[in-house]
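Below is one structure; the comments refer to it alone.
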Amino acid sequence: CRDLAVAETTQQNTTFYEGSTYEHQYFSIAGEPPQATWHPAATLLITGYTTSKSFSTSGWQQHFGNVVYQCSGQTTFVDMLGNLKHIAGDLRISDTNGNILRLSLDKKTLSVIEVGGDFIVEGNSEVWISREGNTQLNVAGNMELRSVSAAASYLTTQGNGELNVAGNVLLSSVGALRFASAGGGTGIFRIAGNVTMNSGLLTANAPGVGILEFNSNTRQTNSLSTDLQAVITNINNNASETEIISNHQLFGSIQCNAGNLILPEHFSLYGNLTVSEQASVQCPETLSVLGVANQQLDLNGETLLNVKINKPSGTTVTLTSAMHLGGYLHIESLNTDLISNGNLTLLSQADDGSSDASVYSLLAGSDVIGDVHVQRYMEGEARIYRYISMPVLNATVKDLQDDFPITGTFIDPSTGSGINKSAPSFFYYDESLAGEAGWTAYPKTGLAEEAILQCGLGYAAFIRNTT
C-alpha cells in the first residue's frame, strides 16, 4: 500500500495468513499497517521511506509476524519510537541506504521490544536500538550483524540499550557495533549462545560504558576476530563453561561471576581480572598483564601457570585476593611493582623440582611487595633427608620449625615424642672442607630466630616421619 489508508480493517475481518506479505510502501507520510490478525509467518515489508518518519500511531503496536525493513532511498533518520515491539518472527533490517533506523528514541521508562525469531542487520544498514531512552531488545533466536555500511550501529548513544540474544551471534560487518557513545550511556550485549566474529569491531566511546555478557547454563564459545576495547567489560555469568577460542587479548576488564572461564593458551589482559568464589578461570599457558594503568587481579584462590607483567614505568599490579602460581612470574618492565598483599603463593607440586613455581630476576626498580608464600613439596617417605634452599631474604631456622622439627646444640631446638633434641638435623655444605666433613650443622649456638637462612644456599634437612 502506498500513501493510502486502508480503512475499516480489524483483527476480526482481516487476516494475513502464513506466507503472505503486506508491503508498506508509504512515501510522504509514515502511515501505519492495517489492523489485522498477523500469522507468525506473515510478513510486514516496509519499503517506501526516503525522508524522516516516526512510527507514532497505535497501528505499529500490533502483534506482527516477520518484519522486513528495506528502504533503499532513505536519506535521514527514521524512528520506530519503540512502538514496533511485538514481532513473532524475524526482524530483518535489509537496507537503510547508509542512514539510521532507530528502534527506540528517548523514552525514559523501559521500552521492551520482543523478537520471537532472528534479528538480522544486512545490506547498507545502520541501526540504533536506543538514543537517550531506556530500551531492551529481546531476541529469542539468533542474531546476525553483516551490514556493509562503514558507519557504526549502536546499542545506545546516551541512554541505556540492552540487547539480549537467546541463540547464537554472527558478527561479520564492515562497521563497528558501538555499545555507547561519547555522550555517555550504557550498552549491554547479553548472549546465551555462541559468538562468531569474522569482521567488524566491538567498542564504545568513553565515558560511555559497554558490557558484553555471556549468560547460559550450557557451554558457550566466543570466537572473536577483533579486540574488545578498554571501555567494554567482559562478564561471564555462564553457570557451566565459557571458552574464548580465538581472541588473544582484551583491552577491557574480565569479570567472572559463575562457571568456568577458559582463556586461550597465551592471553594478554589490559584491564582487571575478577573471579568470584563461585567461579573459576583457566589460562593453560601464560597470562600477560600489559595495561598502561594500574591493574588488579582478584582471583579468589585460582591457579595460573605463568604470569608476565610488562607495563609502563611507575605502574603496579595489585593482588586483591589469593593467587596461586604453578610456573613462573616474570616482571619484564623496569620500575614495575607486583603488590602481593600476602596473596601470592608459589606452588610446589613434585619432589623433583620440575613443578616448582619461581620468580625471574627483577629488573631495576621492579619489586614484589608484600609477603609471598613459597611451598616446598615433600612426598611422604618416612625418615629422609631433603635438600632445600631459601628463596627469600631474612628467613630464619625458627620460620621452618613450625613445618618440621629442627634439632641440634643451639638454645631452642624442637622437642617432642621420640625426638633427640640435641642431635643435629639441619646442615649446610661448606665447600672448603672435603667430602662428608663439609656437612656443617646449623645453627650450633644461639637462638633459632637468630639463625638466618642464606638466600640461594643449599641446606639438608632431616625430615622425621613424613606422611
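Quick caveat: nothing in here was measured; it's all calculated off a predicted structure. Just so you know, these numbers use all the heavy atoms, side chains as well, and skip hydrogens, waters and symmetry mates.
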Could you tell me if the side chain of [Y] sits less than 4.5 Å from the side chain of [X], heavy atoms only?
X      : Y      : answer
Val195 : Leu212 : no
Ser240 : Asn217 : no
Ser313 : Leu334 : no
Phe267 : Leu250 : yes

Which distance, rounded to the nearest 0.5 Å, do you find between the [atom1] of [X] and the [atom2] of [Y]?
X      : Y      : atom1 : atom2 : result
Phe214 : Phe189 : CZ    : CZ    : 8.5 Å
Asn164 : Glu213 : CG    : CD    : 8.5 Å
Glu302 : Asn260 : CD    : CG    : 8.0 Å
His24  : Ile46  : NE2   : CD1   : 6.5 Å
Asp337 : Asn294 : CG    : CG    : 9.5 Å
Ser153 : Ile100 : OG    : CD1   : 8.5 Å

ask   = Checking salt bridge (charged side-chain N to carboxylate O under 4.0 Å, His left out) for the pair Asp351/Arg386: CA distance, chi angles, key distance, verdict?
value = CA-CA 9 Å; Asp351 261 336; Arg386 295 285 186 182; 2.9 Å; yes

request  = Determine which pairs satisfy ring pair (Phe, Tyr, Trp, His ring centres under 6.0 Å) with at least one residue from residues 339-359, sequence neighbours left out, and list them in order.
outcome  = none

task = Write out all pairs satisfying ring pair (Phe, Tyr, Trp, His ring centres under 6.0 Å) with one or both partners inside residues 101-132, taking only residues at least two apart or from two chains.
result = Phe77-Trp128, Trp128-Tyr154

request  = Only counting residues at least two apart or in another chain, list the ones meeting salt bridge (charged side-chain N to carboxylate O under 4.0 Å, His left out) with Arg178.
outcome  = none

